[in-house]
Structure formats: structure tokens, C-alpha cells
*Asks:* 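Here it is, the structure, as C-alpha cells.
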Amino acid sequence: MRIASFVGLLLLFVMFSCNKPPEACIEIDNTSPTTGTPVRFSASCSKRSLSYIWEIDGPASAPENTLFWGEEVFDWTFTVPGTYTVSLEAYEKFSWNGEMGSTTTQITVN
């Protein structure tokens with residue numbers, strides 16, 4: 001009986017200690033586009049994630065500074081040239097719940 005209990009506890013420890021947090025990953029199909037050219041953003045390379053929040057910050061006059069996206073993949077056409085910071089939060093559960101991983105990258109629009 002003691003051996004079975006020990007094995008059961010060991011199994012539970014192994015199952016719960018292997019739970020890794022989500023890893024956010026950004027893929028951009030064109031990292032130096034011109035204004036008016038659509039750019040595709042994808043989080044499909046992220047691991048152990050089910051919901052996403054994207055944010056793009058750029059020059060003061062850029063409309064992106066007030067927008068957020070929740071899709072795994074989306075297209076956006078920039079209208080203001082400059083350098084933009086793209087941030088992604090990837091959550092392990094739907095509706096932006098559970099553990100979260102994040103990453104950022106930059107894109108220059110000419």
C-alpha cells in the first residue's frame with residue numbers, strides 16, 4: 001500500500017511540474033513595408049497558447065497607437081511611416097485567462 005501511494009504521489013508531482021507557461025512568438029511577413037502595403041502578423045508559432053492580445057505602438061500620429069487585436073493572425077496596412085513596436089501577449093486559455101507569455105519586436109515602415 002505504501003509503495004502504491006508513493007508511486008501515485010510521484011506521478012502527480014511529475015505531471016504538475018512539467019506544466020510550462022505559454023511562449024509568445026511573432027511572425028511578420030514583411031518587416032520593412034512601405035505605407036499602403038498590407039502586412040500580415042501571426043502568432044501561430046507561439047506555443048501552449050489559445051488567446052492573444054496584440055498592440056502596435058508607433059509615431060505620435062499613427063492610428064495604431066489606439067488599437068488592439070485579439071486574433072491569432074491579422075493583416076494591417078500602415079498609413080504613417082516610422083518605427084513601430086509590436087507586442088504580443090499569448091495566454092494559455094481562451095478569453096485572455098491563465099498564464100501568459102509575451103514578446104516584442106520592431107518594424108520599420110517607409
*Asks:* Do the side chain of Ser42 and the main chain of Ser44 share a donor and acceptor less than 3.5 angstrom apart?
*Replies:*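 The answer is yes, because a donor-acceptor pair under 3.5 Å joins these two groups.
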
*Asks:* Decide yes or no for Ser46 and Thr103: does some side-chain heavy atom of the first lie under 4.5 Å from some side-chain heavy atom of the second?
*Replies:*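 They are not in contact (no side-chain heavy atoms under 4.5 Å apart), so the answer is no.
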
*Asks:* For the side chain of Arg48 and the backbone of Pro21, is there at least one donor-acceptor N/O pair under 3.5 Å apart?
*Replies:*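 Present.
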
*Asks:* Rounded to the nearest 0.5 Å, how far does CD of Glu99 lie from CG of Asn19?
*Replies:*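 So the gap between those two atoms works out to 6.0 Å.
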
*Asks:* How many angstroms lie between atom OG1 of Thr85 and atom CD of Glu64, to the nearest 0.5 angstrom?
*Replies:*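 CD of Glu64 is found 12.0 Å from OG1 of Thr85.
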
*Asks:* Identify the two heavy atoms, one from Pro59 and one from Gly82, that lie closest to each other, and give their separation to 0.1 Å.
*Replies:*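 What the structure gives for the nearest pair is CG-CA, 4.0 Å.
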
*Asks:* For Trp69, which residues count as a side-chain hydrogen bond (donor to acceptor under 3.5 Å, both in side chains) partner, sequence neighbours excluded?
*Replies:*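 Not a single residue meets the side-chain hydrogen bond (donor to acceptor under 3.5 Å, both in side chains) criterion with Trp69.
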
*Asks:* Should Asn110 and Thr35 count as side-chain neighbours, where that means a heavy-atom distance under 4.5 Å?
*Replies:*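 Contact flag for Asn110/Thr35 side chains = no.
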
*Asks:* Give the minimum heavy-atom separation between Asn30 and Val39, together with the two atoms involved.
*Replies:*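 The answer is O-CG1, 3.8 Å.
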
*Asks:* Do Val73 and Tyr91 sit in one hydrophobic cluster, given that two such residues count as connected whenever their side-chain heavy atoms are within less than 4.5 Å of each other, even indirectly?
*Replies:*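 Hydrophobic grouping puts Val73 apart from Tyr91.
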
*Asks:* In the structure I gave you, are the side-chain heavy atoms of Val109 and Thr34 within less than 4.5 Å of one another anywhere?
*Replies:*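 Result no, sub-4.5 Å side-chain heavy-atom pair not found.
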
*Asks:* Give the other cluster members for Leu50, using side-chain heavy-atom distances under 4.5 Å between Ile, Leu, Val, Met, Phe, Trp and Tyr residues; answer none if it is isolated.
*Replies:*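 Phe94, all in the cluster of Leu50.
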
*Asks:* Look up atom OG1 in Thr37 and atom CZ in Phe78, then write down how far apart they are to the nearest 0.5 Å.
*Replies:*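 Those atoms lie 11.0 Å apart.
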
*Asks:* List in chain and number order the residues that pass side chain to side chain contact (heavy atoms under 4.5 Å, CB included) with Thr31, two or more places apart in sequence or in another chain; answer none if no residue qualifies.
*Replies:*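 Scan of Thr31 (side chain to side chain contact (heavy atoms under 4.5 Å, CB included), adjacent residues dropped) gives Ile28.
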
*Asks:* Measuring only between side-chain heavy atoms, which start at C-beta, is Pro63 closer than 4.5 Å to Thr79?
*Replies:*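 Answer yes - side chains close enough.
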
*Asks:* What distance do Leu88 atom CG and Tyr52 atom OH have between them, rounded to the nearest 0.5 Å?
*Replies:*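 The distance works out to 8.0 Å.
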
*Asks:* Taking Met100 as the starting point, is it possible to reach Phe68 by hopping between hydrophobic residues whose side chains are less than 4.5 Å apart?
*Replies:*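 Yes.
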
*Asks:* Using atom types as modelled and distance alone, determine if a side-chain donor or acceptor of Ser51 lies under 3.5 Å from a backbone N or O of Lys93.
*Replies:*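 Checking the backbone N and O of Lys93 against the side chain of Ser51, a donor-acceptor pair under 3.5 Å is found.
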
*Asks:* In Å, rounded to the nearest 0.5 Å, how long is the span from CD of Gln106 to CG of Asp57?
*Replies:*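 So the CD of Gln106 and the CG of Asp57 are separated by 10.5 Å.
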
*Asks:* Consider ring pair (Phe, Tyr, Trp, His ring centres under 6.0 Å). Of Tyr84, Trp76, Phe74, Trp96, which one does Trp54 pass it with?
*Replies:*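 Per the ring pair (Phe, Tyr, Trp, His ring centres under 6.0 Å) rule, the option paired with Trp54 is Phe74, out of Tyr84, Trp76, Phe74, Trp96.
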
*Asks:* So, Glu92 side chain and Pro22 main chain: donor-acceptor pair closer than 3.5 Å or not?
*Replies:*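 No: the side chain of Glu92 does not pair with the backbone of Pro22.
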
*Asks:* Do you know which two heavy atoms are closest between Thr108 and Pro33, and how far apart they sit?
*Replies:*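 Smallest interatomic distance, heavy atoms only, reads O-CD, 3.4 Å.
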
*Asks:* Please round to the nearest 0.5 Å and tell me the distance separating atom SG of Cys45 and atom CD of Glu72.
*Replies:*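 Going from SG on Cys45 over to CD on Glu72, the span is 9.0 Å.
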
*Asks:* Kindly indicate whether the side chain of Asp75, heavy atoms from C-beta on, has any atom under 4.5 Å from the side chain of Phe41.
*Replies:*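 No, their side chains stay 4.5 Å or more apart.
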
